[in-house]
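Here the structure is laid out as structure tokens; the discussion comes afterwards.
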Amino acid sequence: MQNLVQIISKPDNIPIVLLTFSVIYFSWLAWTKARRNDRLGTPVEATMDDKVQVWPYLVRVEFLMSIAIMIVMIVWSVALNAPLEEPANKATTPNPSKAPWYFLGLQEMLVYFDPWIAGVVLPSLIIVGLMAIPYIDINEKGNGYYTFKERKFAISVFSFGFLILWVFLIFIGTFLRGPGWNFFWLWEKWDPHYVAVLTNMDLSEFLGIPTHLPDNSLNPVAFIFGAVCVLGYYSLGGIYWLKKRNTDLMKKLGFLRYSIISFLFLTMMGLVIKIFLRLAPTAIGLNPVKYVWVTPWFNV
Amino acid sequence: MFQKRMYLALTGLMLASAPLVAGDVTGKVSFSGKAPTPVKLLMSADPVCKKAHPTDVYSEEVIVNKNQTLKNVLVYVKDGLGGKTFPAPAEMVVFDQKGCMYQPHVLGIMIGQELEVVNSDPTLHNVHSLSKLNTQFNQAQPMKGMKMTKKFDKVETFKVKCEVHSWMGAYIGVFSNPYYAVTGDDGSFTIKGLPAGEYTLEAWHEKYGTQTAKVKVDATGKVTADFGFKG
Amino acid sequence: MFEKRAQTPVENRSYAEYYIVFSALLFLGTVWAVWDEVKVRRPWKEYQEEYHALMTAALDSMHLQSLQQVDSSRVLQLNEIVRKAEEGFGTEGYQKLADTKESLQKDLDVETRDWRFARSRSDAAYFQYKKAEEEGGETKALQDEVALHDADAQTHFNRMNDLQAKIDMIDSSLGQYTDAYQKAQVELVSIFKAANSYASKAAKMRDAPVEIRQVILEDYELTPFQEVKGRVDRCQTCHAGWKDDLMQDAPQPYTKHPFPELLAKHNPEKFGCTPCHRGQGPALTEGMAHGPGDPYWETPILHGDDTYATCNSCHFNETVLKYAKPFTRAKQLIIDSGCYGCHEIRGFDDLPKIGPMLNSVGLKDQPDWIYRWVKNPKDYNPHTRMPNFKLSSEQAAAVTAFLLNISKSSTFKLEHPRGSFAGGNAARGKKVFETVGCQACHVTAGFTTVRDSRGTSYDIAPELTRVGSKLGGDWIFDWIKNPRHFNPETRMPNLRLTDAEARDVVAYLLTLKDDRTFEKAPLRLNDTSQVAFGEKTVKEFGCFGCHNIPGTEKEGKVSVDLSDFGRKKYEQMDFGDTHELSLADTVDYRDNADGSVAVKHTWRGWVYGKLKNPRLYQTERIVQKMPVFTFVDGEIKLIRMFLISLSNDQPLPKYQRVYDKRMQDIEAGRRLTMGYNCIQCHNLEDRGGYILAKYEEPAMGPPMLPESQGAKVQEPWLHSFLEGPTTIRPWLKIRMPTFSLTDDEIAKVQRYFLGLSNEDFMIRDYAATPIEAKYLAPGKQLFDTYQCGKCHPSGSVGGAVSADLAPNLEMAHTRLKPEWILQWLHDPQKLQPGTRMPSFFNEGQGPDATVFGGSETEQIKALQAHVWTLGSRRVVASANK
């Protein structure tokens with residue numbers, strides 16, 4: 001418990017503590033508003049036709065809030081010192097070495113993927129995916145008011161991606177990852193000498209196909225097996241297309257938009273599946289899955 | 001701030017040297033048991049020494065007086081004066097080398113007081129102090145009538161010896177106060193003018209070591225303190 | 001309220017209260033930020049003000065004190081003189097003269113100005129004239145103009161002189177009024193000079209600016225990545241009184257530094273404080289600067305003796321530092337314990353292995369004894385330097401088999417026929433043993449003086465209390481007659497015992513028996529698998545780190561490199577099964593009542609535990625091989641202090657002492673003298689001389705070797721003395737042994753002594769030292785008057801009396817350097833504290849005033865001349881020429 005207090009009260013972690021509560025609050029706010037609108041049928045926002053001038057009625061409130069924020073910032077900066085640690089030393093890195101808090105979600109992904117996928121491919125896809133939203137989102141409803149009913153898919157996917165894959169992973173990285181990037185529950189002490197079980201196996205090895213041959217070169221069988229698994233997973237999108245291609249929605253979307261959406265969606269879900277494959281097997285006495293597909297260039 | 005206070009305190013101390021009631025401590029150092037046979041000194045190595053003593057000479061290490069007391073015992077205040085300081089007396093203590101013997105054999109001296117070392121023999125003598133705290137000296141006096149003076153700055157009792165005449169030895173006690181005495185031919189000593197108070201006295205003998213006694217000096221003056229050494 | 005407000009149209013809402021409250025908060029916040037920045041985060045300002053106040057107070061009181069010492073009656077007199085003179089200034093006569101002088105002065109000023117102007121006009125006209133002359137123009141008029149101006153200047157000049165003469169005359173008449181006044185003023189100033197200087201210093205201190213005082217080293221250290229790291233060091237902002245004598249007894253942080261002699265060589269104004277003390281130099285608050293306030297700072301301030309650790313960052317090559325005794329002791333401890341045999345440590349790479357070679361061990365010791373020794377050396381000899389490897393019985397038996405197998409190829413043969421040792425007298429042997437010097441290194445039951453005065457938990461040579469059960473008479477006889485015969489590398493010297501003496505000593509040593517009984521060792525000596533297993537064990541545990549063992553010459557050091565150990569983090573250390581000791585505890589290590597051990601989970605705690613018991617952190621899984629030493633608390637702390645210093649970041653060479661040829665010579669000598677245990681008997685550079693504790697008086701033991709030793713004896717003499725020592729001080733019973741040094745080693749000793757006394761190695765013809773004839777006769781006379789011959793013989797002597805005589809002066813001209821004799825006669829105690837030689841001179845005067853008017857220098861020269869002639873005819877002859 002003392003450990004938890006120590007972690008929470010570290011000046012570095014204050015933004016994350018605030019983030020945790022503010023994210024919960026704003027999600028709750030959005031959900032209640034959306035529910036109210038969905039129940040009413042007509043959004044409340046649509047009935048509000050009373051309008052005032054930006055100047056001075058908005059600007060004065062904004063000005064007030066800027067003063068308030070200034071006050072908070074001053075108090076914060078005086079009361080808490082900059083969380084500086086030891087001078088950088090190439091010979092000894094701190095343990096745990098943590099990224100800035102906003103990257104901790106990405107760092108958490110490094111546990112499940114090799115650095116190329118987790119550090120380069122996935123972050124790029126996040127940015128590309130976000131940029132692509134205006135082009136692939138063809139739903140005109142739900143503009144300017146809170147709703148869920150009219151944007152079920154978009155809101156679910158976003159909430160999942162942001163709340164679970166981004167915010168929650170940051171939370172884990174901050175509070176639950178201790179020395180050696182080992183997992184500690186909130187109530188556990190961060191012991192630098194903690195020893196974790198290391199029994200990860202590649203997926204092919206579960207079927208008795210060794211990833212590497214005795215001479216340490218890649219086993220082509222395992223390679224093909226992995227490729228089949230991964231490509232098979234992405235082909236799920238194609239299968240779904242074949243099934244539903246004649247619906248109105250699909251026709252409106254068109255093949256290209258659909259492929260982009262399905263690729264991004266499957267990649268996001270793939271991330272979760274991989275985490276699941278790593279964590280779940282231990283519950284039923286199996287070894288965690290290390291990689292699904294091992295290639296000479298990257299591992300999935 | 002503390003410095004200011006310190007200086008004030010110092011000036012105060014200098015002003016407040018009020019007169020004190022004082023008393024004398026007298027006593028005897030008795031000796032019991034068998035006195036060791038006196039060691040005869042062989043001075044044949046230096047004809048001058050030999051000539052100075054027509055009769056036999058004996059070592060002064062242990063001299064038991066006729067009244068069964070011990071000579072050459074240094075008695076001094078070991079404890080009880082606190083941090084008081086005393087000025088060194090102006091008169092010198094004379095330390096003579098005569099007939100290839102040191103006179104006196106045991107002496108007390110105050111810090112800063114002058115010791116006059118005299119050679120009364122027409123032969124080479126040197127005085128080598130085997131002090132640990134005071135700076136050692138080893139000064140030769142090759143001619144008769146030579147004099148030199150020495151001062152000491154640390155409290156210590158140490159031996160002095162002559163490297164030329166191996167039998168020559170004496171002891172010097174350096175003190176920070178004037179309250180010490182050496183027993184003489186009757187084994188008695190007197191420490192004069194000791195301010196009223198409680199003290200621990202110590203008696204020191206070169207062979208028999210030290211003994212302590214507690215005394216209380218009050219306004220009336222006279223106090224006795226006796227010591228007894230065993231052979 | 002809010003509900004009501006929500007119903008009010010936005011246009012009608014007032015935000016005035018919010019503005020007022022928010023603005024007030026913002027204002028307060030800003031004030032707080034400024035206060036925090038200027039005051040709360042800058043406690044050093046108060047410290048510095050307090051320092052200035054302390055200094056001012058001290059200087060003020062010095063001022064008062066020196067005022068009190070002023071001769072006040074003289075001051076009164078002078079004041080009276082001044083007052084009287086000032087009365088004189090009011091008289092008519094004075095006023096008249098003064099007025100005249102003033103008007104004359106005014107005239108003089110005018111004349112001086114006019115003279116200068118005339119000169120200037122002349123210069124300008126001369127320029128025009130020369131120009132015209134060169135251009136070939138009209139020059140006559142110009143020349144006249146120059147002459148005119150010159151004449152004008154001359155007139156003014158004359159008038160000036162007249163006026164000045166008049167003024168001088170008036171001044172001399174004014175003298176009657178002013179002379180006494182001026183003199184009095186000058187005297188007053190000199191009387192108050194000291195007081196005024198304190199007053200002005202105090203005033204300066206009172207107005208001293210409060211400012212950050214910092215030392216910036218732009219390049220201080222080099223990391224292993226070849227990056228240069230700088231340092232900012234602001235300690236002196238608060239520790240402002242470090243060099244003020246007045247702050248000797250002041251409280252921290254104003255206290256004067258206790259070791260000014262160290263600072264003389266490590267000036268904090270140049271280096272700052274953190275290179276030695278560590279801590280966070282740029283920080284200006286106590287907790288941050290000293291360390292505990294900043295848990296991330298890797299080098300918090302060092303406390304107590306640990307501060308000496310940082311000496312090693314520059315002085316890693318040196319084993320003796322005059323002003324850092326704990327450092328010297330730590331290095332000696334590490335060298336004596338042979339840590340460098342298994343660990344790579346910078347600065348210890350050229351040292352010999354500390355243990356004996358094991359080529360022929362089977363010809364010396366019994367197999368059972370070897371087995372018991374290998375299993376636990378402390379059992380036979382509790383103070384041995386050999387640590388306990390805690391080998392199992394199988395391992396010990398195998399190592400024994402391996403060692404005995406090696407000895408089979410040994411070529412050692414006894415030098416004397418078997419049985420030569422017999423017939424000695426143990427009582428006589430004991431006496432010889434006790435007097436000739438064996439006890440300087442070897443402890444026997446009942447004589448531990450040297451061990452005690454060394455103050456180490458281990459002995460430098462084997463304790464001989466049980467030697468009679470270990471060794472055979474033949475071997476001992478062979479050994480003490482010539483130790484190099486059995487072991488060419490041994491440090492045991494030859495004490496030149498006669499056969500009779502040696503037999504007596506053997507007889508004595510054979511009486512020293514081990515009266516315990518032992519079980520038979522489970523040895524299988526001829527089993528080759530045992531031998532192989534033994535070899536494997538020897539290699540695994542790194543026995544060759546300390547012993548030369550045939551077949552292991554190519555092995556490297558078995559344990560970890562310690563070069564960056566001081567910066568290892570506690571997270572990287574394993575604490576095994578020990579309990580964690582609270583960080584608030586006063587000690588780093590604690591033995592619990594139930595037999596378990598608790599250590600602090602810090603670097604210091606780990607190291608303490610490791611040195612206390614190297615197998616402490618061993619668990620069922622983690623096997624440790626470091627053998628168990630028996631260091632005591634003080635030794636552990638010294639070693640730990642040394643380990644603190646080990647870092648790969650090194651100060652740049654320009655901040656280090658130049659390790660030049662002389663330093664290298666000195667250091668080589670130190671290592672040699674440490675290796676041969678010279679310092680057991682001789683006090684050298686303020687270390688060693690342990691055997692002296694045995695003597696009531698230092699002069700009765702081996703002489704100390706002062707730093708001036710190199711300036712004392714002639715190089716050829718020292719060479720032959722070290723090859724074969726001769727008697728110098730007949731009163732010594734202890735013998736200078738024959739170390740059988742190689743020429744190279746003797747040269748090292750020579751250069752060491754020369755280096756210490758700042759002398760250069762050069763070839764000199766000492767026999768040709770010139771002697772002035774005029775000194776010879778007075779020298780002889782003084783030699784007799786001062787009765788030098790009473791102690792110093794100068795020729796062959798014999799008999800019982802000779803044992804108490806001083807060095808024979810016949811040796812002087814071949815042994816001593818002539819310049820040294822002069823120094824020696826001047827003050828023997830200074831060159832050799834505690835010497836029996838008295839000084840004859842006092843304050844430049846000799847006792848006999850009839851020779852050279854008693855002049856010390858002349859008399860010493862005369863004595864030196866006479867001494868030089870003793871035992872040397874050639875010099876006398878050449879001097880007579």
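Residue numbers start from 1 in every chain, and the chains themselves are labelled A, B, ... in the order their sequence lines are given, proteins ahead of strands. Computed from a prediction, not measured in an experiment: that's the story for all the values here.
- For OH of B/Tyr179, the number of neighbouring non-hydrogen atoms (other residues, nucleotides, ligands) closer than 6.0 Å is greater than 12.
- Among B/Met148, B/Met146, B/Gln141, the single residue meeting the side-chain contact (heavy atoms from CB on, under 4.5 Å) criterion with C/Pro847 is B/Met146.
- Residues that satisfy the ring-ring contact (aromatic ring centres under 6.0 Å, His included) test with C/Tyr690, not counting sequence neighbours, are absent from this structure.
- Contacts from residues 155-168 of chain B to chain C, taken as heavy-atom pairs separated by less than 4.5 Å, involve B/Lys161, B/Glu163, B/Val164, B/Ser166 in sequence order.
- Between the OG atom in C/Ser839 and the CG atom in B/Asn126 there is a gap of 9.5 Å [rounded to 0.5 Å].
- The backbone N or O of C/Gln829 sits nowhere less than 3.5 Å from a side-chain atom of B/Asn138 that would complete a donor-acceptor pair.
- Among residues 781-788 of chain C, the residues having any heavy atom closer than 4.5 Å to a heavy atom of chain B are, in sequence order, C/Thr785, C/Tyr786, C/Gln787.
- For the atom pair OG1 (B/Thr123) and NZ (C/Lys790), the distance works out to 2.0 Å, reported to the nearest 0.5 Å.
- Residue pairs meeting the side chain to side chain donor-acceptor pair (under 3.5 Å) criterion with at least one member in residues 47-59 of chain B, sequence neighbours excluded, are B/Lys40-B/Asp56.
- Annotation for C/Tyr47: atom OH does not count as buried by contact number, only 12 or fewer foreign heavy atoms lying within 6.0 Å.
- In the displayed structure, B/Lys78 atom NZ is contacted under 6.0 Å by at most 12 heavy atoms of other residues, nucleotides or ligands.
- Residue C/Asp827 does not touch chain B at all, counting heavy-atom pairs closer than 4.5 Å.
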